[in-house]
Amino acid sequence: MSDFRADLHCHSTCSDGSDAPLELVKEAKKRALHGLSITDHDTAAAYTPELFAQAEALSLRIVTGVEISTELEGLSVHILGYGYDLHSLSFSTFLQDIQKQRAERNRSILKKLANRNMSIAEEELLATETKTIGRPHIAALMVKKGYVSSVQQAFDWFLKDGAPCDASGFQHTPQEAIKQIQQGGGKAILAHPHFYKREAYLKKILSCSFDGIECYYASLPLVLELPWVHLAKDRGWIVTGGSDYHGVFKNILLGSSWLGLDIFNTSLVR
Ligand code: AMP
Ligand code: ZN
Ligand code: FE
Ligand code: FE
């Protein structure tokens with residue numbers, strides 16, 4: 001049996017991770033991984049020629065990845081895309097479109113915070129040096145300005161899904177994102193299905209035409225992962241796994257969940 005392990009879910013400084021893409025490649029080698037996909041929120045900015053060169057020099061296999069923000073009934077649903085063509089015009093236009101939706105959504109969140117005497121100027125948020133700006137960056141500014149004592153408190157009290165200062169604004173449905181990923185030559189995977197607790201809601205998400213589902217996630221106990229594996233088998237879907245590593249921003253190690261060689265080779269790599 002091969003000892004090949006690929007972590008297919010992590011975030012870089014292009015979205016809300018603390019490690020730059022090249023640092024993620026080094027970290028992956030340190031954690032004895034053989035494959036990696038950097039799945040930043042709504043951007044492929046990590047995939048530079050330098051990244052591929054660094055990975056090749058360290059014999060780390062890379063599959064292109066992204067975590068797409070969609071919305072169903074006003075709540076966020078995350079869809080992973082793997083193996084898409086970096087030169088796909090339709091897909092890069094799709095990502096740009098989501099970036100515009102994000103800018104608008106961030107403005108809505110800032111307005112709601114201002115209404116509660118927690119003002120943050122849009123320029124301050126835009127000074128964040130990253131491609132994809134979202135709630136974690138707003139939360140960090142809330143800490144900096146002394147409105148809350150930690151990023152977690154910012155989420156728990158104000159920003160988490162459905163909280164008073166969360167805002168909707170992603171305009172694509174999960175099904176539209178799936179179509180765009182597939183048109184871009186990639187595979188569309190439902191990320192962290194266990195996040196969706198309401199059964200009727202989960203059923204609606206699962207009625208979309210995914211290629212696969214993220215069954216192995218971070219340090220989720222196996223007993224909570226196996227039902228997703230069974231579901232994938234029933235539907236003929238690909239099983240994937242990854243850590244959702246965000247560097248120092250989350251207490252999760254790169255490689256805490258991973259995928260073996262078979263699926264990596266047969267289903268994901270172009
Ligand atoms: P956004 O893309 O702006 O919707 O922000 C989503 C990101 O915020 C997620 O990927 C997590 O990194 C973080 N996040 C979402 N919900 C929470 C929460 N309840 N506590 C801490 N971080 C969260
Ligand atoms: Zn994130
Ligand atoms: Fe996610
Ligand atoms: Fe993620």
Side-chain angles (χ1 to χ4, degrees), residues 7-19 24 36-46 65-72 74-82 95 98-110 112-113 120 125-126 128 130-143 148-172 174 177 188-197 205 210 213-220 240-254 256-257:
D7 188 333
L8 292 186
H9 191 158
C10 65
H11 297 268
S12 80
T13 46
C14 296
S15 64
D16 57 355
S18 66
D19 294 4
L24 276 177
L36 186 72
S37 185
I38 301 176
T39 51
D40 279 311
H41 299 283
D42 311 313
T43 180
V66 64
E67 186 171 15
I68 303 285
S69 308
T70 72
E71 235 167 75
L72 191 64
L75 296 174
S76 285
V77 177
H78 286 176
I79 318 284
L80 293 159
Y82 292 120
L95 294 180
I98 304 178
Q99 291 292 341
K100 284 185 205 138
Q101 296 166 16
R102 267 192 177 278
E104 200 53 50
R105 173 180 180 256
N106 287 340
R107 263 176 234 130
S108 306
I109 295 174
L110 294 187
K112 287 186 175 184
L113 288 171
I120 295 171
L125 185 61
L126 295 179
T128 311
T130 185
K131 172 73 188 172
T132 297
I133 299 177
R135 286 180 291 170
H137 310 94
I138 296 174
L141 283 171
M142 289 168 73
V143 175
V148 287
S149 59
S150 68
V151 164
Q152 195 52 55
Q153 192 176 72
F155 271 98
D156 289 345
W157 290 8
F158 302 110
L159 297 178
K160 71 179 179 195
D161 290 9
C165 300
D166 179 31
S168 58
F170 293 118
Q171 281 158 22
H172 297 293
I189 309 288
L190 175 61
H192 40 61
H194 64 286
F195 277 23
Y196 310 105
K197 304 288 184 205
I205 300 175
F210 291 101
I213 182 163
E214 186 178 51
C215 301
Y216 302 112
Y217 181 80
S219 47
L220 196 67
T240 72
S243 62
D244 210 358
Y245 174 78
H246 282 70
V248 297
F249 298 140
K250 269 192 192 174
N251 193 18
I252 283 288
L253 292 174
L254 192 68
S256 56
S257 259

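Just so you know, ligand 1 is whichever comes first in the structure, and atom 1 is the first atom listed for that ligand.
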Going by chain and residue number, what protein N/O/S atoms come nearer than 2.8 Å to the Fe ion (ligand 4)?
-> H9 NE2, H11 NE2, E67 OE1, D244 OD1
Tell me, please, which residues at least two apart from Y217 pass ring pair (Phe, Tyr, Trp, His ring centres under 6.0 Å).
-> H192, H194, F195
Ligand-side contact atoms (ligand 1) for residue partner H41, heavy atom cut-off under 4.0 Å = 10 (O)
To the nearest 0.5 Å, how far apart are OG1 in T39 and CD1 in I68?
-> 10.5 Å
Hey, are the side chains of R102 and H41 touching, using non-hydrogen atoms and a 4.5 Å cut-off?
-> yes
Look at atom NZ of K131 and say whether more than 12 heavy atoms of other residues, nucleotides or ligands are closer to it than 6.0 Å.
-> no
Contact region, T132 to ligand 1, non-hydrogen atoms below 4.0 Å, reads neither
Examine D156 against ligand 1 and note whether any of their N/O atoms are separated by less than 3.5 Å.
-> no
Using a strict 4.0 Å cut-off to heavy atoms of H246, name the atoms of ligand 1 that fall inside it.
-> 10 (O), 12 (O)
Do any nitrogen or oxygen atoms of S69 lie less than 3.5 angstrom from nitrogen or oxygen atoms of ligand 1?
-> no
To the nearest 0.1 Å, how far is atom 11 (C) of ligand 1 from its closest protein heavy atom, and which atom is that?
-> K250 NZ, 3.9 Å
Starting from atom 6 (C) of ligand 1, locate the nearest protein heavy atom and write down its residue, its atom name and how far away it is, to 0.1 Å.
-> R135 NH2, 3.8 Å
Heavy-atom contact under 4.0 Å between S76 and ligand 1?
-> no
Output the distance between atom OG1 (T240) and atom CD1 (I189), rounded to the nearest 0.5 Å.
-> 5.0 Å
Here the gap from L110 atom CG to I138 atom CD1, rounded to the nearest 0.5 Å, amounts to 5.0 Å
Taken to the nearest 0.5 Å, the spacing of D42 CG from H78 NE2 works out to 7.5 Å
Ligand 1 N/O within reach of R105 N/O, cut-off under 3.5 Å = yes
For atom 17 (C) of ligand 1, the closest protein heavy atom turns out to be F155 CD2, 3.4 Å
Which atoms of ligand 1 sit under 4.0 Å from any heavy atom of Q152?
-> 20 (N), 21 (C)
Any idea which atoms of ligand 1 are less than 4.0 Å away from a heavy-atom of G134?
-> 3 (O)
Electrostatic pair R135-D161, nearest N-O below 4.0 angstrom | yes
If you have a sec, work out which protein heavy atom is nearest atom 7 (C) of ligand 1 and how many Å separate them, to one decimal?
-> D16 OD2, 3.6 Å
Would you check if L36 and C10 make a side-chain contact, meaning some heavy-atom pair closer than 4.5 Å?
-> yes
Under 4.0 Å from a heavy atom of K160: give me the atoms of ligand 1 that qualify, with their elements.
-> 19 (N)
Could you tell me whether the side chain of S219 reaches within less than 4.5 Å of the side chain of I252, counting heavy atoms only?
-> yes
Close side-chain approach of Y82 and S37, heavy atoms under 4.5 Å = yes
Look only at interatomic distance and state if R102 has a nitrogen or oxygen under 3.5 Å from any nitrogen or oxygen of ligand 1.
-> yes
Working for side chain to side chain contact (heavy atoms under 4.5 Å, CB included), residues Y196 and V77 | CA-CA 9 Å; Y196 310 105; V77 177; 3.8 Å; yes
Any chance you could measure L190, atom CG, to I213, atom CD1, to the nearest 0.5 Å?
-> 5.0 Å
Closest non-hydrogen protein atom to atom 5 (O) of ligand 1, residue and atom name please, with distance?
-> P136 CD, 3.5 Å
Report the C-alpha distance between D166 and K160 in whole Å, list the side-chain angles of each, state the deciding distance to 0.1 Å, and finish with yes or no for side chain to side chain contact (heavy atoms under 4.5 Å, CB included).
-> CA-CA 6 Å; D166 179 31; K160 71 179 179 195; over 6 Å; no
